[in-house]
Amino acid sequence: MILETQRLFLREMTPSDLDALLLVLGDAESMRYYPKPFDRETVQNWIDRHCRNYAQHGLGLWAMVLKATGEVIGDCGLVWQEVEGHQELEIGYHVRRDQQMLGYATEVASACQDYAFNILGCDRVISLIRPENIPSRRVAQKNGLKVVQETLWRDIPHYIYAVQRSESKFFTTSNFSEVEKSKFQV
């Protein structure tokens, strides 16, 4: 387990998460802000990519698991992205359609922000969000991120939402142990 919130925990994705993540990433409605929904092979590549990120960077998007049932309902985490020639740490999330609008994305995204600032020691985190993606924009805003720029990212218009550590409501005392803090160095 990487992170735990009141209702969820995040853990590394595994190949056994393929079917559960296909329900999220393969759903046309949930993926309407992407060029197209993912097929089975693309979801497998997605899992493989994040497993490589864990090995290389100690982070990535993690499987989002409901504590009450143990069910994988999406992913959320921290990913290094190149944005306008700079490496930025992005908070990203995808939630299965029947689990949306229940506050899960806000809950785990806030835990990821806390992790980025208090464990990794980052000075800033971002979220790349399409202007028409109102639900994701609300998640970012609830967690204190603000639009700082408009950009063409992968040839698609995006807002760059960002928050500095000094401005974050999550940069206080951490909920992480010294052992957990020692696992990751940025």
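Inter-residue side-chain proximity for Q141 and K146 is flagged as unmet; no heavy-atom pair is nearer than 4.5 Å. Contact annotation: the side chain of L8 approaches that of L66 to within less than 4.5 Å [non-hydrogen atoms, C-beta and beyond]. Two residues are said to be in side-chain contact when any heavy atoms from C-beta on lie closer than 4.5 Å; P157 and L152 meet this criterion. Looking only at side-chain heavy atoms (C-beta outward), L18 and I47 come within less than 4.5 Å of each other. Put simply, the side chain of W46 reaches to within 4.5 Å of the side chain of M13, judged on heavy atoms. Residues F9 and L3 have side chains not in contact (no heavy-atom distance under 4.5 Å, counting atoms from C-beta outward).
Panel note: side chain R165, backbone G121; a donor-acceptor pair is recorded below 3.5 Å. Side-chain N or O atoms of E90 include one that pairs as donor or acceptor with a backbone N or O of L128 at under 3.5 Å. Judged by distance alone, with hydrogens and angles left aside, the side-chain atoms of S136 form no donor-acceptor pair with the main-chain N or O of N133 at under 3.5 Å. For the pair K67 (side chain) and T5 (backbone), a donor-acceptor distance under 3.5 Å is present. D17 places no side-chain N or O within donor-acceptor distance of the main-chain N or O of A20, the cut-off being under 3.5 Å. A donor-acceptor contact shorter than 3.5 Å links the side chain of S127 to the backbone of I91. Under a 3.5 Å cut-off, the side chain of S168 and the backbone N or O of Q164 do not form any donor-acceptor pair.
Hydrophobic clustering (side-chain heavy atoms under 4.5 Å, transitive across Ile, Leu, Val, Met, Phe, Trp, Tyr) keeps V125 apart from V148. Linking ILVMFWY residues whenever their side-chain heavy atoms come closer than 4.5 Å, directly or via other members, places I73 and M1 in the same cluster. In the hydrophobic clustering of ILVMFWY residues, with side-chain heavy atoms under 4.5 Å counting as a link, M31 and Y93 come out together. Both I119 and L89 are part of a single hydrophobic cluster, where members link through side-chain heavy atoms under 4.5 Å apart. Cluster membership for L23 and W62, using ILVMFWY side-chain heavy atoms within less than 4.5 angstrom, is not shared.
In plain terms, the two heavy atoms of A28 and P37 that are nearest each other are CA-CG, 3.6 Å. Residues A116 and L120 share a closest heavy-atom pair of O-CB, 3.4 Å. Across all non-hydrogen atoms, the minimal contact from G74 to V24 is CA-CG2, 3.9 Å. In this structure, A109 and C76 approach most closely via the heavy-atom pair N-SG, 3.9 Å. Residues G144 and V163 share a closest heavy-atom pair of O-CG2, 3.6 Å. Summarising the geometry of I134 relative to P131, their closest heavy-atom pair is CD1-O, 4.0 Å, with the distance given to 0.1 Å.
For an aromatic pair to be called close, the ring centres must be under 6.0 Å apart, and H94 with F38 fails this.
For R32, the salt bridge (Lys or Arg N to Asp or Glu O under 4.0 Å) test picks out E29, with sequence neighbours left out.
For the residue pair R137 / Y161, a side-chain donor-acceptor distance below 3.5 Å is found, with atom types taken as modelled. Side-chain contact, N45 with T42: no donor N or O sits under 3.5 Å from an acceptor N or O. Using modelled atom types, one finds a donor on one side chain and an acceptor on the other under 3.5 Å when comparing E84 with Q149. For E88 and Q81, the side-chain atoms include no donor-acceptor pair closer than 3.5 Å.
With rounding to the nearest 0.5 angstrom, the CG atom of N143 is 10.5 Å from the CD atom of E107. The CG atom of L59 lies 12.0 Å from the CG atom of L10; values are rounded to the nearest 0.5 Å. In this structure, the separation between CD1 on I2 and CZ on R11 is 10.5 Å, given to the nearest 0.5 Å. Atom CG of L78 is separated from atom CG of L61 by 8.5 Å, given to the nearest 0.5 angstrom. If you take CD1 on I156 and OG1 on T151, they are separated by 12.0 Å, rounding to the nearest 0.5 Å. Here CG of D75 is found 5.5 Å from CG of L25. Values are rounded to the nearest 0.5 Å.
Taking 4.0 Å as the cut-off between side-chain N and carboxylate O, R96 and E71 count as a salt-bridged pair.
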*asked:* Determine whether Y33 and H158 satisfy the following criterion, ring-ring contact (aromatic ring centres under 6.0 Å, His included), listing intermediate values before the conclusion.
replied: CA-CA 10 Å; Y33 303 110; H158 282 77; over 10 Å; no
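At most 12 heavy atoms of other shown residues, nucleotides or ligands fall within 6.0 angstrom of atom CD in Q6.
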